[in-house]
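Below is one structure, written out as structure tokens; the observations come after it.
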There are 2 protein chains.
Amino acid sequence: MEAKIDKIKQQLQSQGYKLTPQREATVRVLLENEEDHLSAEDVFMLVKEKAPEIGLATVYRTLELLSDLHVLEKMNFGDGVARYDLRNDSSHHHHHHLICVQCGAVDEIMEDWLLPLEERLEQQYNFKVLDHRLDFQGICHRCNDKAKNEKNDKNE
Amino acid sequence: MEAKIDKIKQQLQSQGYKLTPQREATVRVLLENEEDHLSAEDVFMLVKEKAPEIGLATVYRTLELLSDLHVLEKMNFGDGVARYDLRNDSSHHHHHHLICVQCGAVDEIMEDWLLPLEERLEQQYNFKVLDHRLDFQGICHRCNDKAKNEKNDKNE
DNA sequence: TTCTCTGCAAATGGTTTGCAAGTAG
DNA sequence: CTACTTGCAAACCATTTGCAGAGAA
């Protein structure tokens, strides 16, 4: 955790930015919730618990800054709010999303399934791929299981 | 074109909605610009040319309604505006997007490359896929060609 | 009539910005 | 000193909503 923060600190400083207490608190929240896809508001509320004096605008500015530095990825699942994800070390980010339309959960798949497709794109369409996103909407395994259990119980 | 409008009219009527002049004008604009991914504002401005009295709210309501009926697909490329795409007849929509980060163009690929992945998802992750989206960001063939030509010209 | 639909204006809500004050090198 | 930051409040802007009037069945 500290190592990761140090690394981000260096990334900031190499561009002339500082790791202020507010930024550090924001980064810590992000690190502690690496699994989730937090919105700016989510981050704001979590940061407020450890640094109550922080302002929402600062959180937005920090998230924007970290996105510019490619520390974060800003994404949009179509629900009207931007969500942020820590990028991993690998130069490419290759995770895909499973978005449950029933419970709203967003799971990730870390495998990269698209390399063959990207090669095909470059050759067949003369399109130089820099990034991609692949999201699936559907019913997640939790909701599937729940539905199955309720069916078995037969007490409706 | 008229056939497509008739079909949409039927889809509306089957759900108790009417194909009003405003809605028809909106649909015509969508049909005439099937290639593009228009925003609500884009549609509004184009519709205004043929029906100047129309209101922006009506366009939004029409786009929303047509999305609910699965005539349109509402999508989000992360630029802060929703964009709309006519769906094809096929029950599934299986096009992917090539988004050029240089000129902003959005091209479509109509092939469906994801069926094998969807099968794997259902088996391996117990995730029932209902829909998906696959977007690539990169440099489109036009910008690639332009860059190549400028290089050849060697007049900087 | 009754229910849908429309245009307008106002409200909403996530995000951004202007600004004066705070802070680090 | 100088440049970067911050909190606050106001501004922005895409989208939604309330409402009274218009229109179709």
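Basis for what follows: all heavy atoms, side chains included, without hydrogens, waters or symmetry-related copies. Chain letters run A, B, ... following the sequence lines, proteins first and then strands; every chain starts at 1.
Between D/dG23 and B/T20, no contact under 4.0 Å exists linking OP1 or OP2 to a side-chain N or O.
B/D42 and B/N33 form no side-chain donor-acceptor contact under 3.5 Å, judged by distance and modelled atom types alone. Using modelled atom types and a 3.5 Å distance limit, the side chains of A/H132 and B/Q137 yield no donor-acceptor pair.
Rounded to an integer number of Å, the gap from CG of A/D68 to P of D/dC4 is 15 Å. Spacing between atom CD of A/Q15 and atom C1' of D/dA3 amounts to 16 Å, rounded to whole angstrom units. Atom CG in B/N76 sits about 12 Å away from atom C1' in D/dT15, given to the nearest Å. For B/Q22 and C/dT6, the CD to P distance is 5 Å, given to the nearest whole Å. As a whole-Å value, the separation of B/R23 CZ from D/dA22 P is 19 Å. Rounded to whole Å, the distance from CD on A/Q13 to P on C/dG25 is 9 Å. For the pair A/M75 CE and C/dT15 P, the interatomic distance rounds to 14 Å; values are reported in whole Å. The CG atom of B/L19 sits 15 Å away from the C1' atom of C/dT6 (whole-angstrom rounding).
Against DNA chain D, the stretch residues 28-53 of chain A makes heavy-atom approaches under 4.0 Å through A/E53. Of all the residues in residues 54-66 of chain B, B/L56, B/A57, B/Y60, B/R61 reach under 4.0 Å from DNA chain D with at least one non-hydrogen atom.
For B/V81, the side-chain atoms get nearest to D/dA14 when compared with the rest of D/dA14, D/dT5, D/dG7.
Using modelled atom types, no side-chain atom of A/R23 and backbone atom of A/L12 make a donor-acceptor pair closer than 3.5 Å.
The two residues A/K48 and A/I54 make their nearest non-hydrogen contact at CE-O, 3.5 Å.
Each of B/G80 and B/K18 was matched to the nucleotide of DNA chain D holding its nearest heavy atom; the match closer to the 5' end belongs to B/G80.
Ring geometry for B/H96 versus B/W113: interplanar angle of 30 to 60°, hence tilted. In this structure, A/H97 and A/H37 have perpendicular ring planes: the angle between them is above 60°, well past the 30° mark.
Under the salt bridge (Lys or Arg N to Asp or Glu O under 4.0 Å) rule, A/E2 has a single partner from A/R28, A/K7, A/K9, which is A/R28.
Atom CG of A/D36 sits about 9.5 Å away from atom CG of A/D85, to the nearest 0.5 Å.
In A/E35, the CD atom is not crowded: 12 or fewer heavy atoms of neighbouring residues, nucleotides or ligands sit closer than 6.0 Å.
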